[in-house]
Colleague: 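Supplied in structure tokens, the structure appears directly below.
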Amino acid sequence: MSDPFDYYGQMMDVDTAGASVETGKQEGLSYGGISASEVIAEKDLKNLKKYETKIKNVGKKMHVEPAVIAGIISRESHAGTALKDGWGDRGNGFGLMQVDKRFHKIVGTFDSEEHITQGTEILCSMIRDIQKKFPKWTQEQQLKGGISAYNAGIKNVQSYDRMDIGTTKNDYANDVVARAKFYKRNGY
């Protein structure tokens, strides 16, 4: 029997540069890179535990490694700690995964399995669109491209090496992947 999460590629095989120095500074660090992403991810680990069962349930149901979902939740909302009444992004993003009300009908409460499912469905649709746009990329490259598109849209992803240009802090997929690898090593 194959790994139930290999449908979109293996997270541990995705290359990453980690967070930008700008993201690191935003988090009170003087550096970027994989080590910055890991420090940030570790800060969110305790709060993320509250949602671990929901994240794992959605991952299994959607064939997405729970670590990827956890990485997005860490980046988008610091496991909910950056939200005000479930909202972020100047009142446009909702929930742990910051689903944008301008593009999607919001479902569930901010921390519900229904919300995590919606965010993961959006991620999966982005990965599938990247698979169509870049059919010669490896599964892992397509997964990373889908993560980038989750933040900035399919049109923003023009090439593999520059996929994060135009994402928040120009490091979204690289930072999420590094955080996801940390979460994978920590039980997700």
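Computed from a predicted model, the values in this text were never measured in an experiment.
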Colleague: For the residue pair Asp175 and Thr23, confirm or rule out a side-chain donor-acceptor distance under 3.5 Å.
Modeller: no
Colleague: Can you tell me how far apart OG (Ser148) and CZ (Arg162) are? Round to the nearest 0.5 Å.
Modeller: 12.0 Å
Colleague: Any luck finding a side-chain donor-acceptor pair between Ser112 and Lys54 under 3.5 Å?
Modeller: no
Colleague: Looking at Lys49 and Asp44, is there a salt bridge between them, counting it only when a charged N and a carboxylate O are closer than 4.0 Å?
Modeller: no
Colleague: Side chains of Glu38 and Tyr183: any donor to acceptor distance under 3.5 Å?
Modeller: no
Colleague: Got Phe182 and Glu42 here, is their nearest side-chain heavy-atom distance under 4.5 Å?
Modeller: yes
Colleague: Is it the case that one hydrophobic cluster holds both Tyr150 and Ile154, taking links as side-chain heavy atoms less than 4.5 Å apart, direct or via other members?
Modeller: yes
Colleague: So is Lys144 actually on top of Trp137's ring, under 6.0 Å and inside 45° of the axis?
Modeller: no
Colleague: In terms of side-chain heavy atoms, does Asn156 have a donor or acceptor partner in Tyr172 at a distance below 3.5 Å?
Modeller: no
Colleague: Verify the neighbour count for atom NZ of Lys43: are there more than 12 heavy atoms of other residues, nucleotides or ligands below 6.0 Å?
Modeller: yes
Colleague: Answer yes when Lys56 and Glu52 have at least one side-chain N-carboxylate O distance shorter than 4.0 Å, and no when they do not.
Modeller: yes
Colleague: Do NZ/NE/NH1/NH2 and the carboxylate oxygens of Arg75 and Asp171 come within less than 4.0 Å?
Modeller: yes
